[in-house]
Number of protein chains: 2
Amino acid sequence: MQARDVSGGPVACGCANPGAQLILEVAVELFSEKGYNATSMSEVARRAGISKANVFHHFGSKHDLYLEVIREACRDSREALHQGRDSGQTVVQQLSAFLHHHLDTLLRRDRVSRLVVREVLDSTPEGGKELAEQVFFDGFTELVEIVREGQQQGEFRSDMDPALLAHMIISISLFYFQSRNVLRHFPPVDFADEPQRFVEMACDLLFHGCLKAGDPDNKAAVGNRPACRTMSKETPE
Amino acid sequence: MQARDVSGGPVACGCANPGAQLILEVAVELFSEKGYNATSMSEVARRAGISKANVFHHFGSKHDLYLEVIREACRDSREALHQGRDSGQTVVQQLSAFLHHHLDTLLRRDRVSRLVVREVLDSTPEGGKELAEQVFFDGFTELVEIVREGQQQGEFRSDMDPALLAHMIISISLFYFQSRNVLRHFPPVDFADEPQRFVEMACDLLFHGCLKAGDPDNKAAVGNRPACRTMSKETPE
DNA sequence: GTCTATAAATAGATAGAC
DNA sequence: GTCTATCTATTTATAGAC
């Protein structure tokens, strides 16, 4: 990967040079439209109005270019998450704002977002490692840190795995994004075309839970809790 | 779709006939391995040891056969959900058990599960309608009904959209399934290869929320709540 | 080299006999 | 229910003209 920005600037995008930027935009288009195999480096070069050799100069290989496209697709959300940290907001507000932004970005950039999701879905164990390390690591790590911060400041329960909440947050927006075409046709669902409202409701659910609050006699809630947090060797009839 | 079971038996699988059953198994294999386009009806017939015309006799078209494969992949989970209803368990226990079963099924039948998820991801607005109506409708509807039951019996908050919780439940297992190859390589994640434990932790989070309980002074929690439930016209403050 | 025309192969689907 | 035979559309391969 020769195209890494060595200028010391923000790590947002792997390419500071305007030339590489154009290639990246073209590549995002092409990979989104046609997928990895059907996209040729020759076509990328042609659409960018440069030589194929130049493309290989900026991005060492087709695979590297592809990886950079995936990174680019996640950049906005990653930056939004980072910027929220010194905004004076509570952690709950930061996470809620991130979810709004994340889902909005997914929907706005539908095609390339699908590309990312498909890449994750089709990832082999080895490919997953690469994605984790070279694409999602920074964002996920920061999300986990924010959750930890929420625990330290007393907003969140401390008996909770921060990585779990981070995972759930990502899953909320991503799964909504990928299921909305189906969701729309379930009669009891009225939020399939209202992502904003969905995020608000989902946040509420995630923060406060779905059990009836203020009801210590809730047998189901209390009775179930053990079964729901141990590997349950102790079948609690 | 001529192969529907008209014998009055359970609607579980579209095919009661042993002949159709074999075809379906072969089709699951082939579609899972090679995808829709790369799978030919001739090959299905050959692998099933029958004529091509016979395949068309049982399943009216390639598309219908494919749809039946998707349905078949969801059958186990749908049945498990249904059977849990008259098991005497609380709704919380039913949902927890369903999540365990659902994720277990996804992981056990990895390839065909991927097929289903990919189908949802790649669905056009029209394809989404078909999937919703002909594949997922029964299961999702039942899940929503179970949640409603939980609300009526006082286990769950009543100021919550049951379809939202149903969606979240599905998203938990499905997104874990599809992200686990990536998840495994995030250092703060220690549940990527422990689906049982993951489900238990996720249930806990989903049921009880992530906010610190028993702390009415939690400004973040209270302060955020209005912004997080704007759907209600009756702003309870 | 590139293009078009055509042949060959393969796909999905149907008809009618057994 | 199962088969053989057949139809039609599409894809792929090849030949030959320009």
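Quick caveat: nothing in here was measured; it's all calculated off a predicted structure. In what follows, every chain begins at residue 1, and chains take the letters A, B, ... in the order their sequences are listed.
- Aromatic ring pairs are classed by plane angle as parallel below 30°, tilted from 30° to 60° and perpendicular above 60°; the pair A/Phe186 and B/Phe140 is parallel.
- The CE-P distance, from B/Met41 to D/dA9, rounds to 19 Å in whole Å.
- Using a 4.5 Å heavy-atom cutoff, the side chains of B/Arg197 and B/Asp190 are in contact.
- In this model, a donor atom of one side chain and an acceptor atom of the other lie less than 3.5 Å apart for A/Glu130 and A/His63.
- The side-chain heavy atoms of B/Glu155 and B/Gln93, taken from C-beta on, include no pair separated by under 4.5 Å.
- Read 5' to 3', the first and last nucleotides of DNA chain C with an atom closer than 4.0 Å to a heavy atom of chain B are C/dA11 to C/dA15.
- Listed by chain and number, the residues in a ring-ring contact (aromatic ring centres under 6.0 Å, His included) with A/His167 are B/Phe175, B/Phe198 (sequence neighbours excluded).
- Contacts of B/Ser40 with the nucleic acid, taken as non-hydrogen atoms under 4.0 Å apart, involve only primed sugar atoms and P, OP1 or OP2.
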